[in-house]
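Have a look at the structure below, then the notes.
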Amino acid sequence: MDKASIEVKSTITEIKQITASETLPIRQQVMWPNKPIEYVQLPKDENGRHYGLHVDGEIASIISLFVENNEAQFRKFATLTEFQGMGYGTILLEEIMDLVEKEGIGKLWCNARVEKLKFYERFNMKLTDKRFEKDGIEYVIMERVFFNTNRYM
């Protein structure tokens with residue numbers, strides 16, 4: 001992915017690929033602060049692409065992307081508390097959606113916490129009937145299908 005520089009609220013942001021290990025502290029702090037860092041590691045982290053949105057050089061928001069069989073799943077999407085509500089997560093997710101669409105991937109999906117449904121609906125992600133619970137938190141699978149002209153060529 002090309003580095004993207006965007007001016008937001010007089011702050012310079014940059015999105016670039018990072019390592020899985022760089023995502024771990026943010027994953028833990030935002031998503032599971034009472035669990036050990038190993039809890040937020042994914043078995044296939046080494047197979048994913050990990051992106052960070054940097055604000056003035058500091059990673060503020062992260063997302064991990066896993067592509068398989070013309071589908072991409074994003075996981076462990078998190079923004080540090082002090083950067084939430086400023087639009088940084090939106091910028092990062094929009095960039096990932098643009099990337100997925102440019103790569104000709106047909107579908108992007110995620111396991112969304114139920115309380116975050118409205119956020120994902122803003123990105124034209126649709127609710128599926130697939131639900132599950134993990135550690136007392138309810139999740140639903142949301143997806144966005146892209147028109148993929150590569151399939152018809």
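- Here CG of L93 is found 9.5 Å from CG of D98. Values are rounded to the nearest 0.5 Å.
- When side chains are defined from C-beta on, Q17 does not count as touching H50, because their heavy atoms never get closer than 4.5 Å.
- Of all heavy-atom pairs spanning A72 and L65, the tightest one is CB-CD1, 3.8 Å.
- Summarising the geometry, atom CZ belonging to F74 is positioned 12.5 Å from atom CZ belonging to F66; distances are rounded to the nearest 0.5 Å.
- Residue pairs meeting the salt bridge (Lys or Arg N to Asp or Glu O under 4.0 Å) criterion with at least one member in residues 75-90: none, sequence neighbours excluded.
- Remark: E143 engages K107 in a side chain to side chain donor-acceptor pair (under 3.5 Å) (not counting sequence neighbours).
- Applying the side chain to side chain donor-acceptor pair (under 3.5 Å) test to T79 and every residue at least two apart in sequence or in another chain returns S61.
- The side-chain contact (heavy atoms from CB on, under 4.5 Å) test applied to N47 returns K44, not counting sequence neighbours.
- Considering only heavy atoms from C-beta on, W109 stays 4.5 Å or farther from R144 through its side chain.
- A search for side chain to side chain donor-acceptor pair (under 3.5 Å) contacts involving T128 returns nothing, not counting sequence neighbours.
- Of all heavy-atom pairs between M142 and L127, the closest is CE-N, 4.0 Å.
- Minimum interatomic distance between V140 and R131 (heavy atoms only, all atoms of both residues): CG2-CG, 3.9 Å.
- When every heavy atom of G104 is checked against every heavy atom of N70, the shortest pair comes out as O-OD1, 3.2 Å.
- Rounded to the nearest 0.5 Å, atoms CD1 (I141) and CG (D129) are 9.0 Å apart.
- Contact record, L108 with V100: CD1-CG2, 4.0 Å, taken as the closest heavy-atom pair.
- Not counting sequence neighbours, the partners of R49 by the salt bridge (Lys or Arg N to Asp or Glu O under 4.0 Å) test are E103.
- Here CG of L92 is found 10.0 Å from OH of Y51. Values are rounded to the nearest 0.5 Å.
- The side-chain heavy atoms of V55 and E14, taken from C-beta on, include no pair separated by under 4.5 Å.
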Candidate pair Q84 and V30, rule side chain to side chain contact (heavy atoms under 4.5 Å, CB included), full reasoning:
CA-CA 10 Å; Q84 290 178 8; V30 175; 4.0 Å; yes
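- Interatomic distance, F77 CZ to N111 CG, rounded to the nearest 0.5 Å: 14.0 Å.
- P36 pairs by the side-chain contact (heavy atoms from CB on, under 4.5 Å) definition with E38, Y39, not counting sequence neighbours.
- Applying the side chain to side chain donor-acceptor pair (under 3.5 Å) rule to pairs touching residues 19-29 yields T19-S21, T19-E22, T23-R27, R27-D45, R27-S64, sequence neighbours excluded.
- Follow the hydrophobic side-chain contacts under 4.5 Å out from L42 and you never reach Y139; the two are in separate clusters.
- For the side-chain contact (heavy atoms from CB on, under 4.5 Å) test, no residue two or more places apart in sequence or in another chain qualifies with E46.
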Side chains of residues 115-122: which donor-acceptor partners sit under 3.5 Å, not counting sequence neighbours?
unit_1, atom_1, unit_2, atom_2, d
R122, NH2, T90, OG1, 3.1

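- Going from atom CD1 of I62 over to atom CD1 of I18 covers 6.5 Å, rounded to the nearest 0.5 Å.
- Residues meeting the salt bridge (Lys or Arg N to Asp or Glu O under 4.0 Å) test with K35, sequence neighbours left out: D135.
- Contact of the F83 side chain with the E58 side chain is registered, since non-hydrogen atoms from C-beta on lie closer than 4.5 Å.
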Mind running side chain to side chain contact (heavy atoms under 4.5 Å, CB included) on H54 and K16 for me, showing each step along the way?
CA-CA 8 Å; H54 296 71; K16 59 185 175 181; 3.4 Å; yes
